[in-house]
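Here the structure is laid out as structure tokens; the discussion comes afterwards.
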Amino acid sequence: MPEVRTVCGGLDHGGCGLIVEVEDNRIRRVRGDPASPPPSAGYACAKAPALEERLSSPYRLTRPLKRKGPRGAGEWEEVTWEEALDLTAAGLARVRDKCGPEAVAFLQGAPKGLEYLALNRFAHAFGSPNLVTPAAVCFMPRVAGGLLTCGYYPLPDYSGSPECVLVWGSNVTSTNADGTPASEVRRALAGKAKLIVVDPRRTELAARADLWLRLRPGSDSCLAFAMLKVIIEEGRYDREFVRKWTVGFEALEARLRSYSLQDLARACWLSPDEVVAAARLYSEHRPGCLQWGNAIEHGPNSVQTARMLLILSAICGNLEVPGGDLRPPALPLLKGGEFTLNERVKHAHRPILSTRYPLAAQLGFVPNHVVIEAMIGARPYPIKAAYVQGSNPLLTYPDSRKTCRALAGLEFLAVAEVFMTPTAALADVVLPVATRLEHHDLAFYTQPFGRVAARPKAVDPPAGCPSDLRLLAQLADRLGFGSLFWKDEEEAINAVLAPAGVTFDQLRQTLVLAGNRAYQQYRENGFRTPSGKFEIVSNRLAAWGLDPLPAPHLDLPEPDDDFPLLLTSAKSPYYFHSAHRQLERLRRREPEPLVAVHPDTAGALGLGEGDPARISTRWGSITQKVRHDPSLHPKVIVPSYGWWLPEKGPKGFFGWEEANLNLLTSADGPFDPVVGSLSLRGLPCRMDPA
């Protein structure tokens, strides 16, 4: 069969090279490409073979739909594309003309290609600064920590033969997160590297670790601060780097002295000896690299937690050295702000919704909970309409019932999707779109990974299913700014690549365009911070009136008689957030939502393996089936995340309230003062027989 070489996207964070076998415009088989450039080099996760079913699924949307009955009643009629586009453009324009363009919000799910930037461009051309993303609890706290501390987002250098790998809140062997395929980590650990894993669960990597720290969910800042205390007070740091290239070290020393190791360890549910062992192992085996994940970003101290981990890396001599944590190489591409037309909203009538979070506002995103508050409470000003692209807020935003009220109360709601979802079931118009293998795309543009990857399409989409970019271009035509959009994806990609002197046709031959790695660049040019140094005390945080120095978040919610357990969550290796529950190939691997619990805890509650359990917090209750996990702390449970039931149909909202983890979370704060993240882990809860 003809074969297409491409790069994965849409089923996960993407980045793995794939070979797609095609016959009569149908995908017959998908497998890893052994000839693909690093870092994937032949690896493909369990989700890749399901790409064929994703395209051909009977659940797939192929015709635009207009709501017939009351919102959420599940009554639809098919309409032509002309009518659907006219309805959508008219709905957005009606709110713009009455309330101003800022009253329309544009909601994007986990961005994995040009569609995110295209939506950003569309919003800014429309006149709205309000692009809503999950960034506050996914990736951006780490990026923010890097920008504030050293001026960039460091990358683990597995090719440089690290002596130690510190895996913190990252289940990379299941999720291939942040441009790092699991294969790259496994190859690094096949040698002599020591492995430290920080995770409440005994993951695949934790099971093979030299040291596994089973910390209390949500206590990451306490552990990071405790490790800093041990390393600095025992003199296990790079004195020359600290003297020449840091500011604020003495202030950190003084703050560390005001906390006891015993109190910090107790907050993590660890012993002081475990903390000391981790600090010594990490500081003795150099170079070391940091494989961190977005679990550390699910709390009100996320940016400072990220800064602590970067300080650990830097003072132990691991920054910008082979096998350590590197500054991403630069690529000569179209500037992201030019692609997204940032200049058009610098003087908008109303500022972006997220002005209370300075770095979120500067980076141009609105945290999920902020837009919901604007929809319900008109704070800081009202949002009356929304365009949703590749996102399912009823499952993925905190406090799902509040999210449902907010979306149901909008004057107009349009959703662009591949499948009908609980969120799409609330829409006035549902617009079917092409999937990743049905249009050309470019991976990792504007992401700090030092490379971009071509995603050539393998097949044509069903008749009438445009890509998100083409759909937005057609809407832009109707709203009067169509000249700002490209005619197709290839033209847009060529515009991005033009400064590099490369075309999409050329890039698809090699698949990856990567910058050249360099080491210790700070010795010549310093760091990209106001001081030019690695800022342990941050000048920008001080200018914003915030604490410029990291501190642990010790005010953690405690279990009590009503809610004696703590809840955390984990992403599935077979699904991507709330997506793909309608794919039989994946559903067979994980057919139902399960809550992991220590067998002694389950037994004391009269719950056996497979029994339905009612999980409750002060915000709501759900039901999932029990799965015993003896590695968990007896006070910790891990419900499945992202669950809804496509087989139950739109009239019942696809069973979105039965097992949805975000019915147990709150959107009321406290919030991280820099980017607006909030507590999603370590929440007091209870379990009872259902």
Side-chain angles (χ1 to χ4, degrees), residues 137 169 199-201 214-223 263 266-270 295-302 369 395-404 552-570 593-609 611-643 656-672 677-690:
V137 292
D199 200 300
R201 302 185 310 138
R214 189 180 67 175
L215 88 167
R216 168 191 173 144
S219 66
D220 304 81
S221 68
C222 302
L223 177 56
D263 288 345
R266 188 181 305 114
C268 305
W269 292 355
L270 298 170
I296 69 167
E297 299 168 324
H298 295 172
N301 197 34
S302 63
H369 64 86
L395 273 293
T396 58
Y397 284 20
D399 195 340
S400 292
R401 287 198 177 88
K402 188 175 184 180
T403 300
C404 186
H553 182 64
L554 286 167
D555 187 20
L556 299 171
E558 294 293 338
D560 56 30
D561 291 343
D562 292 328
F563 300 104
L565 305 173
L566 289 183
L567 173 153
T568 188
S569 64
L594 302 175
V595 53
V597 58
H598 194 284
D600 291 348
T601 304
L605 296 170
L607 289 165
E609 183 96 13
D611 287 347
R614 193 74 174 163
I615 309 159
S616 304
T617 66
R618 60 177 52 92
W619 300 287
S621 297
I622 62 174
T623 300
Q624 298 190 359
K625 290 188 177 180
V626 168
R627 179 177 68 84
H628 288 167
D629 184 347
S631 74
L632 288 175
H633 190 288
K635 288 188 176 182
V636 171
I637 67 169
V638 188
S640 297
Y641 160 69
W643 266 95
W656 76 283
E657 292 184 291
E658 295 185 22
N660 176 7
L661 177 64
N662 271 315
L663 289 169
L664 306 180
T665 59
S666 169
D668 294 335
F671 305 106
D672 183 277
S677 54
L678 72 172
S679 294
L680 298 176
R681 299 179 183 275
L683 306 178
C685 66
R686 66 178 299 113
M687 280 182 64
D688 300 286

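All residue numbers refer to positions in the sequence shown, counting from 1.
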Heavy-atom pair of closest approach, residues [X] and [Y]:
{"X": "H553", "Y": "C222", "value": "O-SG, 3.5 Å"}
{"X": "A659", "Y": "Q624", "value": "O-NE2, 3.0 Å"}
{"X": "P200", "Y": "L632", "value": "O-CD2, 3.8 Å"}
{"X": "G608", "Y": "D611", "value": "N-OD2, 2.6 Å"}
{"X": "N662", "Y": "P398", "value": "OD1-CA, 3.7 Å"}
{"X": "T623", "Y": "R614", "value": "OG1-NH1, 2.9 Å"}

So D629 and V638, side-chain contact (heavy atoms from CB on, under 4.5 Å) or not? Walk me through it.
CA-CA 10 Å; D629 184 347; V638 188; over 6 Å; no
Spacing of [X] atom [atom1] and [Y] atom [atom2] [to the nearest 0.5 Å]:
{"X": "R686", "Y": "D561", "atom1": "CZ", "atom2": "CG", "answer": "9.5 Å"}
{"X": "L215", "Y": "D199", "atom1": "CG", "atom2": "CG", "answer": "7.5 Å"}
{"X": "L683", "Y": "S666", "atom1": "CG", "atom2": "OG", "answer": "8.5 Å"}
{"X": "I296", "Y": "S221", "atom1": "CD1", "atom2": "OG", "answer": "10.0 Å"}
{"X": "T617", "Y": "D562", "atom1": "OG1", "atom2": "CG", "answer": "12.0 Å"}
{"X": "I637", "Y": "L566", "atom1": "CD1", "atom2": "CG", "answer": "9.0 Å"}

Evaluate I615 against V595 for side-chain contact (heavy atoms from CB on, under 4.5 Å), listing each step before the verdict.
CA-CA 9 Å; I615 309 159; V595 53; 3.8 Å; yes
Is a side-chain donor or acceptor of [X] paired with a backbone partner of [Y] at a separation under 3.5 angstrom?
{"X": "E297", "Y": "S302", "result": "no"}
{"X": "T665", "Y": "D399", "result": "yes"}
{"X": "E609", "Y": "H628", "result": "yes"}
{"X": "S400", "Y": "L395", "result": "no"}
{"X": "R401", "Y": "L663", "result": "no"}
{"X": "S677", "Y": "V137", "result": "no"}

ring-ring contact (aromatic ring centres under 6.0 Å, His included) partners for H633, two or more places apart
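In terms of ring-ring contact (aromatic ring centres under 6.0 Å, His included), with neighbours along the sequence ignored, H633 is linked to W269.
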Residue list, ring-ring contact (aromatic ring centres under 6.0 Å, His included) with F563, at least two apart or on another chain:
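F563 satisfies ring-ring contact (aromatic ring centres under 6.0 Å, His included) with no other residue.
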Would you call D560 and P684 a side-chain contact if the rule is heavy atoms closer than 4.5 Å?
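In short, these two side chains do not touch, never coming nearer than 4.5 Å.
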Answer whether the closest heavy-atom distance between the side chains of P593 and P639 falls below 4.5 Å.
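No. Closest side-chain heavy atoms not under 4.5 Å.
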Name of the residue among V636, V597, T601 meeting side chain to side chain contact (heavy atoms under 4.5 Å, CB included) with L565:
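Testing L565 for a side chain to side chain contact (heavy atoms under 4.5 Å, CB included) against V636, V597, T601 leaves exactly one candidate, T601.
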By the salt bridge (charged side-chain N to carboxylate O under 4.0 Å, His left out) test, which pairs, at least two apart or in different chains, include something from residues 661-671?
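Of all non-adjacent pairs touching residues 661-671, those that pass salt bridge (charged side-chain N to carboxylate O under 4.0 Å, His left out) are K402-D668.
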Salt bridge E558-R216, side-chain N to carboxylate O under 4.0 Å:
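A salt bridge is present here (some side-chain N lies under 4.0 Å from a carboxylate O).
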Please step through side-chain contact (heavy atoms from CB on, under 4.5 Å) for the pair S569 and R681, ending with a clear verdict.
CA-CA 7 Å; S569 64; R681 299 179 183 275; 3.7 Å; yes
Begin from the C-alpha positions of C685 and L664 and carry the test side-chain contact (heavy atoms from CB on, under 4.5 Å) through to its verdict.
CA-CA 9 Å; C685 66; L664 306 180; over 6 Å; no
